[in-house]
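Read through the structure below, which is laid out as structure tokens, and then see the notes.
Counting from 1, the numbers follow the sequence of the chain as shown. Keep in mind that the numbers below use all heavy atoms, side chains included, and drop hydrogens, waters and symmetry copies. We count ligands from 1, going down the list as the structure has it; atoms in each ligand are counted the same way.
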Amino acid sequence: MSTESLPKVVAIDGPAASGKGTVALRVAQALGFRYLDSGSLYRLVALRALERNVAADDAPALAQIASTLAPEFDGGRVGLQGRDVSEALRSETVSALASRVAVHAPVRSALLARQRAFRAPPGLVAEGRDMGTVVFPDAWLKVFLTASAEARARRRHKQLIEKGISAKMDDLLRDIRERDVRDTTRAAAPLVPAADAVILDSTDLTVAAVTDAVLALYRDRCGASGRR
Ligand code: C5P
């Protein structure tokens, strides 16, 4: 199949808590596309590693976990061997470990085909750190979503409080900064905007405004190419 005839991909990359998950889901719903939350795969590897006492620097064992995972995605829920692990995946322990397991090239390659398999008609909205650079370099539209670390910590704080989980702003800000450093400085698929990505700074924008901006970019591109 030529790239032209493959289902279209909208790649949304960005740092932790930039709002890309919510935006990507809304864009997917608006376009009727499939949705890939690639971070959940790294989180699943981290959760499994915690459960099996596998160390964060044991790349071969982590890659083995990555290649044998059999998660079930159902709407926003994630299942693993019949258990609903959606909440467990969001814990701060799993979040921090996910960015540590994600530095290993063998883990990343073990997850590559699994991510590409999400590309199916009528199209895919994929969010993560390397959707536009590594996983879908031929994406139809690439968006790099940023926001200041303070704005991202405030958003994460609000989300946790709404869920009844107490959290300190200072701790959240420190965690976000640490994850930014790990994600941007690692050798394998570091977090960088693709050369052809559109950079959107959401610090002062609502989720609705960012979603509209991405949909407008998508429609402009379709209009310019004459392809829907
Ligand atoms: O996006 P999310 O916060 O759920 O991702 C969890 C961790 O997985 C990130 O901190 C990042 O280190 C890693 N990740 C990655 N590449 C992706 C998606 C996530 O390295 N495409």
Side-chain angles (χ1 to χ4, degrees), residues 9-25 27-28 35-50 56-57 59 62-63 65-66 69 71 73 76-78 80 85-119 124-137 139 142-147 149 151-153 155-157 159-160 167 172-194 197 202:
V9 174
V10 175
I12 305 184
D13 288 305
S18 57
K20 58 191 182 332
T22 317
V23 168
L25 197 53
V27 170
Y35 166 63
L36 166 64
D37 164 11
S38 61
S40 68
L41 297 172
Y42 293 92
R43 289 171 182 270
L44 280 161
V45 176
L47 179 67
R48 269 318 221 184
L50 276 175
D57 59 358
L62 294 168
I65 292 178
L69 276 178
F73 293 96
R77 316 299 299 172
V78 187
L80 196 60
V85 293
S86 322
E87 297 303 323
L89 290 185
R90 298 280 130 202
S91 77
E92 292 303 312
T93 317
V94 169
S95 303
L97 186 59
S99 88
R100 297 180 66 202
V101 309
V103 303
H104 303 298
V107 172
R108 306 198 70 86
S109 11
L111 294 176
L112 204 52
R114 194 183 289 277
Q115 295 174 84
R116 290 189 175 145
F118 276 79
R119 185 180 206 163
L124 173 69
V125 179
E127 56 112 335
R129 304 292 187 289
D130 59 347
M131 298 297 100
T133 49
V134 176
V135 184
F136 302 108
K142 300 179 188 179
V143 174
F144 191 85
L145 198 55
T146 61
R152 289 185 282 132
R155 288 177 193 163
R156 181 65 31 106
H157 189 251
Q159 278 173 354
L160 290 171
L172 293 174
L173 188 56
R174 195 195 54 234
D175 287 353
I176 280 182
R177 290 202 167 118
E178 280 174 12
R179 280 218 272 160
D180 283 355
V181 170
R182 261 199 302 273
D183 288 352
T184 51
T185 59
R186 68 182 177 216
L191 172 68
V192 279
S202 74

At what distance is the nearest protein heavy atom to atom 7 (C) of ligand 1, and which residue and atom is it?
-> A98 CB, 3.8 Å
Looking only at protein heavy atoms, which one is nearest to atom 17 (C) of ligand 1, and how far off is it?
-> R129 N, 3.4 Å
Just need the protein heavy atom nearest to atom 10 (O) of ligand 1, so name the residue and atom and give the distance.
-> R179 NH1, 2.9 Å
For the side-chain contact (heavy atoms from CB on, under 4.5 Å) test, which of V101, L69, L62, V85 pairs with R48?
-> L69
Qualifying residues under side chain to side chain contact (heavy atoms under 4.5 Å, CB included), relative to A56, sequence neighbours excluded = L97, R100
Protein contact of atom 13 (C) of ligand 1 - nearest heavy atom, named by residue and atom, plus distance | A102 CB, 3.7 Å
Hey, does R182 sit under 4.0 Å from ligand 1 if you only count heavy atoms?
-> no
Of all protein heavy atoms, the one nearest atom 16 (N) of ligand 1 is R108 NH2, 3.0 Å
Counting distance only, does the side-chain N/O of D13 pair as donor-acceptor with the main-chain N or O of F144 below 3.5 Å?
-> no
Closest to atom 19 (C) of ligand 1 among G21, S99, G39 (heavy-atom distance) = G39
Determine whether any heavy atom of R100 lies closer than 4.0 Å to an atom of ligand 1.
-> no
Hey, could you give me the CG/CZ distance between L41 and F73, rounded to the nearest 0.5 Å?
-> 4.5 Å
Nearest to atom 12 (O) of ligand 1, what protein heavy atom do you find, and at what distance?
-> D183 OD1, 2.7 Å
For V78, does its backbone N or O pair with a side-chain atom of S86 as donor and acceptor, under 3.5 Å?
-> yes
So, the side chain of R152 versus the backbone of A17: is there a donor-acceptor pair under 3.5 Å, distance only?
-> no
Between the main-chain N or O of A102 and the side-chain N or O of R108, is there a donor-acceptor pair closer than 3.5 Å?
-> yes
Short side-chain to backbone donor-acceptor contact, K142 and P137, under 3.5 Å = yes
Against heavy atoms of M131, which atoms of ligand 1 measure under 4.0 Å?
-> 21 (N)
Where is the nearest protein heavy atom to atom 4 (O) of ligand 1: which residue, which atom, and how far?
-> R43 NE, 2.6 Å
